[in-house]
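The block underneath contains the structure these notes are about, expressed in structure tokens.
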Amino acid sequence: MDVTALLISMGSMGGLGAMFSAGLSIANKKLHVDEDPRIEQVKNALPGANCGGCGFPGCAKFAGEVVLDDVEISDCTVATQSEIDEIAEIMGVEVEAAERKIARVMCQGGTYETAVKADYAGIESCLAANLMSGGDKLCEYGCLGFGECVDACQFGAMYMDDNGLPVVIEDKCNGCGNCVGACPRNVIEMHPESDKLFVLCKNFDDPKTSRQLCTKACIGCQICVRAVEDGQMYMEDNLAYVNYDQYGKEAKLPTDRCPTECLVVLDGNEEAAEPTAIQEKAA
Amino acid sequence: MKLFLIFISAAIVNNFVLSYFLGICPFVGVSKKVSSAVSMGMAVTFVMTITAAVTWLIYHLILVPFNVVILEYVSFILVIASLVQLVEMFIRKISKPLYDTLGIYLPLITTNCAILGLALFAVLREYGFIESIVYGIGAGVGFTLALVIMAGIREELELANVPKHFQGAGITMIVAGSLALAFMGFAGLISI
């Protein structure tokens with residue numbers, strides 16, 4: 001390897017590069033497309049996370065849609081209020097504040113709580129486990145515990161706890177909903193920040209079966225439905241639901257009435273309750 | 001005659017998509033509608049033809065005389081990337097809806113291995129200048145053909161009653177495999 005070869009390489013590649021870039025810059029001038037300058041401004045004001053929470057491929061595309069197609073600015077779940085205000089100023093519109101949404105893991109069936117049907121030794125992924133006869137837990141509705149949602153979170157707002165359940169760090173959650181899409185069991189749901197009361201179970205089995213599957217399953221006992229006023233909660237397919245439209249913020253929270261601790265209040269720094277192992281309970 | 005054989009060889013017998021399995025990404029990505037498949041095919045054909053010509057010139061007038069054939073890949077990618085930029089600007093200028101339909105697959109022509117493969121094959125087979133260009137056109141036409149056939153089938157598939165577990169990617173892969181099998185029938189027809 002001598003110096004001439006080096007110089008020739010550099011010269012030829014540099015020359016080619018210069019030639020092409022000259023050609024391209026001329027083409028750029030000739031083929032220039034006038035674009036709404038607001039698209040660029042909106043794009044710069046957006047967070048640039050490219051998370052896809054708005055339903056478009058990326059922030060650039062979202063910016064284009066906001067300017068040209070009247071997409072709501074608040075569809076961007078990641079942007080802070082000041083960023084949204086900035087975009088609204090560019091667009092010259094008023095924005096209604098959209099309530100912040102937080103991902104909620106609607107299952108408490110971790111390793112301790114759930115009964116196991118087999119030893120799963122396959123790929124460590126919820127999707128694979130779900131295809132492979134539904135993972136190792138007996139419950140067909142609950143969390144599989146391989147953390148597909150945690151991997152899907154771009155903001156580091158989720159982690160797997162010692163019990164094998166995903167936990168959402170509320171302060172970090174931007175509500176993009178990527179974890180919802182990642183979960184093959186649809187265990188994760190997006191809820192407005194003001195919703196505090198949750199039935200953390202997705203099991204539609206009859207009371208006897210669900211009791212055998214998991215110590216924290218909703219067994220459809222209706223105690224909670226009777227404890228609140230009419231219409232605030234309701235039963236459907238062996239599962240209790242909170243009617244958020246009618247459930248006033250001041251209403252009495254009947255969490256202590258739930259025999260399986262699956263009706264809970266999630267409010268920021270809630271300490272996790274002691275897990276009850278299914279083996280202990282059976283013994 | 002040789003030119004004709006090169007063309008048929010590149011377009012059908014040794015189809016880039018269905019017998020070399022190059023450029024699978026747009027083959028699956030842009031084959032939902034016949035109209036967008038045709039435009040994508042035309043964009044790729046344009047890039048392939050110009051690439052074949054320019055890379056031949058670069059290879060024979062710069063790389064070989066200066067004994068820097070090792071820079072083959074770098075310079076070819078440079079050519080392809082610039083051409084794709086040009087095509088992108090052009091399509092955006094003439095048809096914004098087409099630009100939106102092709103979406104991310106348009107800049108991704110840069111990384112379409114069918115195009116780099118074409119440039120490298122042309123060098124490997126020691127084609128002359130005209131032969132290279134014909135080879136490029138043939139490869140582009142073959143790519144378009146594969147894309148359009150696939151898009152036609154997929155448009156019909158939208159209405160077909162596909163079993164639940166085959167829907168989406170599954171049936172697409174099966175169709176692609178069947179198409180490749182069908183094109184295997186041309187194997188050995190022309191050895192060039």
Side-chain angles (χ1 to χ4, degrees), chain A residues 1-37 39-40 43 50-52 54-71 127-128 130-134 181 184, chain B residues 29 43 46-47 50-51 53-108 110 119 164-166 168-170:
Chain A
M1 186 80 186
D2 56 332
V3 183
T4 17
L6 197 68
L7 287 177
I8 288 172
S9 309
M10 283 166 61
S12 56
M13 287 302 110
L16 278 177
M19 214 168 76
F20 286 130
S21 54
L24 277 181
S25 55
I26 293 169
N28 194 19
K29 283 264 159 53
K30 292 255 185 214
L31 298 173
H32 183 72
V33 179
D34 284 321
E35 214 177 31
D36 197 325
I39 296 178
E40 189 68 26
K43 197 177 82 189
N50 288 320
C51 65
C54 53
F56 296 105
C59 292
K61 183 79 186 156
F62 178 70
E65 296 291 323
V66 164
V67 176
L68 302 174
D69 277 344
D70 293 331
V71 170
L127 215 57
N130 193 36
L131 287 171
M132 185 68 206
S133 68
Chain B
F46 174 78
V47 174
I50 309 286
T51 302
V54 177
T55 51
W56 190 91
L57 289 174
I58 289 179
Y59 188 82
H60 290 278
L61 299 181
I62 299 176
L63 299 183
V64 173
F66 291 114
N67 199 18
V68 280
V69 180
I70 42 161
L71 294 175
E72 184 178 55
Y73 289 82
V74 188
S75 50
F76 288 2
I77 286 289
L78 197 66
V79 174
I80 296 168
S82 313
L83 280 173
V84 171
Q85 283 291 312
L86 190 69
V87 171
E88 200 181 337
M89 286 177 205
F90 185 67
I91 290 186
R92 196 168 165 195
K93 177 82 179 176
I94 57 161
S95 168
K96 175 81 174 142
L98 180 60
Y99 179 78
D100 286 337
T101 319
L102 295 178
I104 188 70
Y105 293 101
L106 192 54
L108 275 183
T110 316
K164 190 183 166 213
H165 295 90
F166 286 131

Side chain, backbone, both or neither of [X] within contact of chain A (heavy atoms, under 4.5 Å):
{"X": "B/Val79", "result": "both"}
{"X": "B/Ile94", "result": "neither"}
{"X": "B/Ile62", "result": "side chain"}
{"X": "B/Leu83", "result": "neither"}

For atom [atom1] of [X], decide whether the heavy atoms of other residues, nucleotides or ligands shown that lie under 6.0 angstrom number more than 12.
{"X": "A/Phe56", "atom1": "CZ", "answer": "yes"}
{"X": "A/Met132", "atom1": "CE", "answer": "no"}
{"X": "B/Phe90", "atom1": "CZ", "answer": "no"}

Item to check | Partners passing side chain to side chain contact (heavy atoms under 4.5 Å, CB included) against A/Ala128 (at least two apart in sequence or in another chain) | outcome: A/Tyr120, A/Ile123, A/Ser125
[atom1]-[atom2] distance between [X] and [Y], expressed to the nearest 0.5 angstrom:
{"X": "B/Phe76", "Y": "B/Ile80", "atom1": "CZ", "atom2": "CD1", "result": "8.5 Å"}
{"X": "B/Leu78", "Y": "A/Met13", "atom1": "CG", "atom2": "CE", "result": "7.0 Å"}
{"X": "B/Leu63", "Y": "B/Leu57", "atom1": "CG", "atom2": "CG", "result": "11.0 Å"}

Next on the checklist: Please find the pair of heavy atoms, one from B/Leu86 and one from A/Ala27, that lie closest to each other, and give the distance.
Outcome noted: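 Of all heavy-atom pairs spanning B/Leu86 and A/Ala27, the closest is CD1-CB, 3.3 Å.
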Could you list every donor-acceptor pair linking chain A to chain B (distance under 3.5 Å, backbone and side chains)?
unit_1, atom_1, unit_2, atom_2, d
A/His32, O, B/Lys93, NZ, 3.2
A/Glu35, OE2, B/Arg92, NH2, 2.6

